[in-house]
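Comments concern the structure below.
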2 protein chains.
Amino acid sequence: MAVSNPLRTFFPDRVFAAGCPSRTVLDHVMSKWGLLVLLALGDGEPLRWSELRRRAEGVSEKMLAQTLRTLVADGFVVRDARPVVPPHVEYSLTPRGLELAALLNPLMVWVVENAPDILEDAAAS
Amino acid sequence: MAVSNPLRTFFPDRVFAAGCPSRTVLDHVMSKWGLLVLLALGDGEPLRWSELRRRAEGVSEKMLAQTLRTLVADGFVVRDARPVVPPHVEYSLTPRGLELAALLNPLMVWVVENAPDILEDAAAS
DNA sequence: CGGCATGCTTCCCAAAAGTTAGTACCCACT
DNA sequence: AGTGGGTACTAACTTTTGGGAAGCATGCCG
């Protein structure tokens, strides 16, 4: 029954402590918009602000700015601003961001494949 | 540069549409507490309310109730309530929940391993 | 000179999350 | 007899967060 779980190496008592650093990182990375930005940049191609806005459909400018600032500070994303007018800014993943995106991708694929069934269940209940 | 990305099968234009069913599922599953509950139940062992509260340290009773209701409705978790006094309720993962937890685990392991470095970068900026 | 394009920032309000208190139920102890 | 405690929630209230729309800086083009 009990699956061998590598997490136990880190959490022998299976308690996820409130002050744990991983909590903070999880909040940044698994946030609604953080996730979408990482996935949008996930294939390594740099994207501009307006392009990110288009791909993470529904994101407000405020949240996109906030999300990008967090991801840049955490070292997942690099911001490359060229001092031209009109401004030209490109965002792309760092090696760390690429590692994370590689883990996020299969998850997203699973979610996309199963989402219709899941919502059907949710609607039926 | 561009990594072969299976997500393109589902999102040829790489746009994550606002109304897409997967968005709803992502919001449920990647939410702060939803994630912790899924990880806590991830090894297949059923847990009681109070035990879940202990493991997802910091969760309020309101949010735990709300999170569990969502996860049950989505078919990730089963709620098994025995009509005894004091009440005894057990929560465990469905097969679907186990599939998802299996994808979440490597992600969590990566986050735990890298969290200290990431926060160090964040603090330095 | 006035409009436009781009990448943000600021302000205000609605929605979500957190906090605290209360409920139902029966048992055990005083 | 009554008091308190353990369990799993729910309800009312407050604080935090997120969304929407507008503003700003800059220079080019008509």
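Here is how names work: the chains are called A, B, and so on, in the same order as the sequence lines, proteins then strands, and each is numbered from 1. No hydrogens, no waters, no symmetry mates; every other heavy atom, side chains included, goes into these values.
The separation between B:H28 atom NE2 and C:dA16 atom P is 11 Å, rounded to whole Å. The distance between atom CG of B:L36 and atom C1' of C:dG18, rounded to the nearest whole Å, is 16 Å. The distance between atom CD of A:E57 and atom P of D:dG20, rounded to the nearest whole Å, is 12 Å. As rounded to whole Å, 12 Å separates atom P of D:dA8 from atom CG of B:D80. Look at CG on A:D27: it is 10 Å from P on D:dG18, rounded to the nearest Å. Between the P atom of D:dA8 and the CZ atom of B:R54 lies a distance of 13 Å, rounded to the nearest Å. Atoms NZ (B:K32) and P (D:dT16) sit 13 Å apart, rounded to a whole Å. Between the CG atom of A:L64 and the C1' atom of D:dG19 there is a distance of 13 Å, given to the nearest Å.
With D:dT10, C:dT6, C:dT9 as the candidates, the nucleotide lying closest to the side chain of A:P86 is C:dT6. Distances from the side chain of A:A65 to the nucleotides C:dT9, C:dT6, C:dG7 place C:dT9 closest. Side-chain proximity of A:V85 to the nucleotides C:dC8, D:dT26, C:dC12 is greatest for D:dT26. In the set D:dG19, C:dG18, C:dC8, C:dC8 carries the atom at the smallest distance from any side-chain atom of A:R79. If you check D:dA8, C:dC8, C:dT9 against the side chain of B:V89, the one that comes closest is D:dA8. Out of D:dA8, D:dG6, C:dG7, the shortest distance to the side chain of A:P87 is found at C:dG7. Of the candidate nucleotides C:dT19, D:dG19, C:dG7, C:dT19 has the atom lying nearest to any side-chain atom of B:S60. Of the candidates C:dT19, C:dG22, D:dG20, the closest approach to any side-chain atom of B:E61 belongs to C:dG22. For B:R48, the listed nucleotide lying nearest its side chain is D:dA8; candidates were D:dA8, C:dA5, C:dG7. The side chain of A:W49 has C:dC8 as its nearest neighbour among C:dC8, C:dG18, D:dA8.
B:T67 has its side chain out of reach of B:K32: every pair of non-hydrogen atoms, C-beta onward, lies at least 4.5 Å apart. Two residues are said to be in side-chain contact when any heavy atoms from C-beta on lie closer than 4.5 Å; B:R96 and A:D121 meet this criterion. Looking at A:Y91 and A:R48, their side chains never come closer than 4.5 Å, going by heavy atoms from C-beta outward.
Contact annotation: A:R69 reaches the phosphate of C:dT9 (side-chain N/O to OP1 or OP2, under 4.0 Å). Look at B:S50 and you'll find a side-chain N or O under 4.0 angstrom from OP1 or OP2 of D:dA8. Phosphate contact (OP1/OP2 of D:dG18, side-chain N/O of A:W33, threshold under 4.0 Å): absent.
Taking the six-membered ring where tryptophan is involved, the planes of B:F11 and B:F16 are perpendicular, since the angle between them exceeds 60° and thus also 30°.
Of the two residues contacting DNA chain D, namely A:Q66 and B:L68, the nearest-nucleotide position lying further toward the 5' end is that of B:L68.
The shortest heavy-atom contact between A:G42 and A:A101 is CA-CB, 4.0 Å.
The residue A:R53 sits apart from the nucleic acid: no heavy atom pair falls under 4.0 Å. Within the nucleic acid shown, B:R82 has no heavy atom closer than 4.0 Å to any nucleic acid atom.
A side chain to side chain contact (heavy atoms under 4.5 Å, CB included) with B:L47 holds for exactly one of B:V37, B:V89, B:L52, B:L93; it is B:L52.
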